[in-house]
Amino acid sequence: MTNNEGIIIYRDVHKWFGDFHVLRGITFTLEKGEVVVICGPSGSGKSTCIRTINRLEEHQRGQIIVDGIELTNDLRNIEAIRREIGMVFQQFNLFPHLTAAQNVTLAPIWVLKMKKSKAQQVALDLLERVGIPEQADKFPGQLSGGQQQRVAIARALAMSPKIMLFDEPTSALDPEMIKEVLDVMKELALSGMTMIVVTHEMGFAREVADRIIFFDFGELIEENKPEAFFHNAQHERTKLFLSQILQ
Amino acid sequence: MNDRQQERHAPEEQLPPPTERIPVLRWLRQNLFSSWLNAILTVIAAAVIAAVALGLLRWALGARWAVIPANLKLLLVGTYPLQYIWRVWVAVYIITFLVGLSSGSHGGLMRRISVTMALVSVVFAILPFPWATRAWLGGIALSEVVGFGLGYLGRGNRWYKRAEIGLWILSFPIILVFLNGVGGFLPVVAGRTTWGFMLNLIGAAVGIALSFPIGVLLALGRRSKLPVIRWVCTAYIELIRGVPLISLLFMASIMLQLLLPATVRPDLVIRAMMTITAFTAAYMAENVRGGLQAIPRGQYEAAYAVGLNGTLTTMLIILPQALRLVIPAIVGQFIALFMDTTLFGFIAILELLNITRSIMGNLEWRGTIFELYVFIGVVFWVVCYSMSYISRRIEKTVGVGER
């Protein structure tokens with residue numbers, strides 16, 4: 001198995017929560033530099049799917065290979081893979097006892113053993129990149145939702161990940177703050193980052209995604225280029241979903 | 001124009017009655033005499049309070065307060081030999097020096113504490129104690145000033161910071177060895193009658209310093225994924241919490257002698273301190289566990305997602321948040337621990353309460369029971385209130401930026 005087969009290989013993956021069959025044999029491959037949007041009704045397994053990629057959830061059958069490393073129970077593999085994957089959560093999950101800059105420098109200092117002064121510089125550069133350099137010394141509780149989510153993106157980028165996972169990054173935001181976060185994500189996509197984004201923002205999907213994957217009831221129903229996905233959906237369920245979400 | 005003039009005059013013409021105009025009277029009227037029933041209740045309550053206060057005052061004026069200065073040395077340091085009393089003072093100076101040092105480099109809370117300590121020592125030095133005592137008391141302020149100067153000069157220096165932390169940690173064993181003695185230059189003076197109030201303080205300090213880390217480890221252990229560790233910790237916590245401290249102390253004082261060979265039998269005072277540490281650690285563990293459970297799962301996930309391993313996640317993300325949530329509960333536990341040191345008296349260790357009893361047994365000081373207990377109450381209150389004051393300040397400082 002070589003790397004050029006795909007940076008993420010997801011092969012016939014199954015997962016159960018107790019009796020509930022969340023993922024029912026999902027298969028897809030992600031190439032380096034691709035931006036993929038996963039959409040689908042709530043409870044369809046999309047969040048669970050991306051959470052298995054950095055092992056926040058275990059899968060029970062099938063194969064997940066990230067950057068040539070297969071995810072098993074081996075803790076070293078899991079930690080190695082997590083260092084290569086950044087993740088942004090719906091609820092931001094910033095560390096409330098640390099300032100914005102400290103949130104960003106924490107992992108580089110403790111995991112990569114980066115020098116404090118260098119980590120600080122990296123943090124300031126990243127906060128600049130996400131547009132909030134002036135908030136570096138504030139605590140998460142003093143920031144707006146949009147600002148918090150941008151700090152969270154900077155925190156993930158600080159580890160120089162090869163892949164970024166976004167789990168409904170704008171769902172907990174007030175409408176006027178959604179754009180500022182999406183703009184940062186667009187810039188990131190244009191810079192060549194490999195991204196998987198679970199979102200309901202169809203405008204973002206249309207504009208930025210290389211591919212869109214549609215989930216329903218734990219199954220991968222449809223996988224297509226944005227143009228084809230929106231105008232020429234193959235499946236009834238996809239059409240129904242699109243008609244509901246686009247009104 | 002006319003209107004405005006009228007307006008300006010109006011308030012004076014319609015001046016309300018004095019009971020509404022004067023703030024104190026208005027407050028009285030609104031809160032104490034708002035109705036006939038309230039007025040009657042106020043008068044009765046005032047009469048009761050006055051009677052009690054008068055009785056207290058009459059007693060306080062006629063009380064034999066002389067019992068306290070006459071026995072002050074006994075109350076504070078027990079039968080610690082007079083020729084070695086300088087060791088106690090040096091121990092105090094080590095602490096005040098360190099407080100001064102930290103206040104020089106940190107400011108804030110530490111500076112408040114050190115200024116208060118210095119002021120109190122100066123005030124006491126002015127009181128008519130023997131001149132030697134006054135000199136020793138003055139040394140407290142002096143040692144703090146010296147510490148402050150060094151701390152002020154050293155602040156910001158990386159090596160100074162390490163040295164400061166190191167000195168604080170080292171000060172504990174040094175003080176204990178110094179007070180207890182090791183032979184030779186420092187003859188051993190310790191025994192179960194030696195300590196007085198000093199024992200309550202040392203017992204609490206040792207208990208706090210040891211039970212806190214042990215409690216944190218127990219709390220983490222109880223939440224461990226490894227069943228053996230979880231069971232052991234749970235069993236320990238539940239066993240200790242199921243037994244009153246006093247019976248644990250009796251076990252330590254009597255049963256341990258039966259179980260252990262004579263050669264490895266630690267001193268009774270040491271055993272008492274070990275017991276109270278073990279006891280408090282179990283309660284501490286449950287307090288800390290409460291804090292751990294309040295941390296949302298998202299914090300773990302975010303920490304894992306940026307690549308932190310389990311240990312780093314606990315040390316850097318979970319514990320700092322969990323501990324600040326339970327500061328009030330932890331300090332409450334510390335205060336309880338300090339109070340519990342008076343139970344040492346039941347296993348024949350002469351701590352403050354027990355010494356008081358022996359003073360009351362002295363014919364010369366018969367009937368001074370209230371004076372002595374008031375003194376004990378004041379002493380304990382001062383220490384406990386300081387602890388809770390410090391805890392409130394710490395809460396404020398670490399709560400920066402919290403929602």
Side-chain angles (χ1 to χ4, degrees), chain A residues 47 50-51 53-57 75-76 78-100 102-112 116 135 137-143 148 151-152 154-161 163-167 172, chain B residues 108 156-162 165 216 220 224-227 229 288 290-330 391 393-403:
Chain A
S47 282
I50 73 164
R51 286 159 59 86
I53 295 172
N54 64 351
R55 200 68 168 186
L56 290 182
E57 305 282 359
L75 214 57
R76 273 166 309 171
I78 295 173
E79 281 170 14
I81 284 174
R82 282 176 179 163
R83 279 197 288 276
E84 312 230 310
I85 303 181
M87 184 157 192
V88 175
F89 300 85
Q90 182 177 355
Q91 300 295 340
F92 328 136
N93 293 349
L94 290 179
F95 308 130
H97 60 304
L98 302 176
T99 63
Q102 287 169 335
N103 264 278
V104 181
T105 59
L106 185 87
I109 289 173
W110 289 91
V111 180
L112 303 179
K116 255 187 194 167
Q135 312 290 355
D137 295 324
K138 290 209 181 141
F139 287 90
Q142 299 165 319
L143 301 176
Q148 288 192 54
V151 173
R155 174 176 71 179
L157 290 175
M159 292 291 285
S160 319
I163 303 163
M164 285 284 285
L165 307 176
F166 293 84
D167 187 1
Chain B
N157 183 319
R158 200 150 48 101
W159 291 106
Y160 163 80
K161 213 172 177 183
R162 285 175 201 180
I165 295 170
V216 169
L220 292 173
S224 166
K225 280 194 198 118
L226 305 170
I229 294 180
V288 173
L292 290 173
Q293 270 167 349
I295 305 302
R297 193 168 153 217
Q299 291 291 308
Y300 291 90
E301 290 181 348
Y304 293 150
V306 290
L308 297 182
N309 60 26
T311 315
L312 284 178
T313 300
T314 304
M315 299 304 294
L316 301 173
I317 307 299
I318 306 305
L319 268 185
Q321 295 185 57
L323 290 180
R324 83 179 46 175
L325 282 176
V326 294
I327 289 172
I330 289 178
S391 109
R393 300 291 310 185
I394 292 177
E395 267 177 74
K396 231 183 207 169
T397 323
V398 299
V400 175
E402 296 282 288
R403 260 171 281 212

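The figures here come from the full heavy-atom set of this structure, side chains too, leaving out hydrogens, waters and symmetry mates. Residue numbers begin at 1 in each chain, while the letters A, B, ... track the order of the sequences. In this text, all values refer to a predicted model and were calculated from it rather than measured experimentally.
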Looking only at B:L312, B:N309, B:I317, the option with the highest number of non-hydrogen pairs under 4.5 Å against chain A is B:I317
Can you tell me how far CZ of A:R83 sits from CG of B:L308, rounded to the nearest 0.5 angstrom?
-> 10.5 Å
Any sub-3.5 Å donor-acceptor pair from A:N93's side-chain atoms to B:Q299's backbone N or O?
-> no
Answer with side chain, backbone, both or neither: which region of A:F95 has an atom nearer than 4.5 Å to a non-hydrogen atom of chain B?
-> both
For A:R51, is it the side chain, the backbone, both, or neither that has a heavy atom closer than 4.5 Å to a heavy atom of chain B?
-> side chain
Closest non-hydrogen atom pair, B:Y304 against A:R82 | O-CD, 3.2 Å
The reported gap from CD in A:E57 to CD in B:E301 (rounded to nearest 0.5 angstrom) is 7.0 Å
Which pair of non-hydrogen atoms, one from A:L56 and one from B:R297, has the smallest distance, and what is that distance?
-> O-NH2, 4.5 Å
Measure across A:V111 and B:G307 and return the closest heavy-atom pair with its distance rounded to 0.1 Å.
-> CG2-O, 3.6 Å
Part of A:Q90 lying under 4.5 Å from any heavy atom of chain B | neither
Given a strict heavy-atom distance threshold of 4.5 Å, which part of B:L316 is in contact with chain A: side chain, backbone, both, or neither?
-> both
Scanning both residues in full, the closest heavy-atom pair of B:A302 with A:F89 reads CA-CE1, 3.7 Å
Greatest number of non-hydrogen atom pairs under 4.5 angstrom with chain B, of A:L94, A:T99, A:I85, A:L165, falls to A:L94
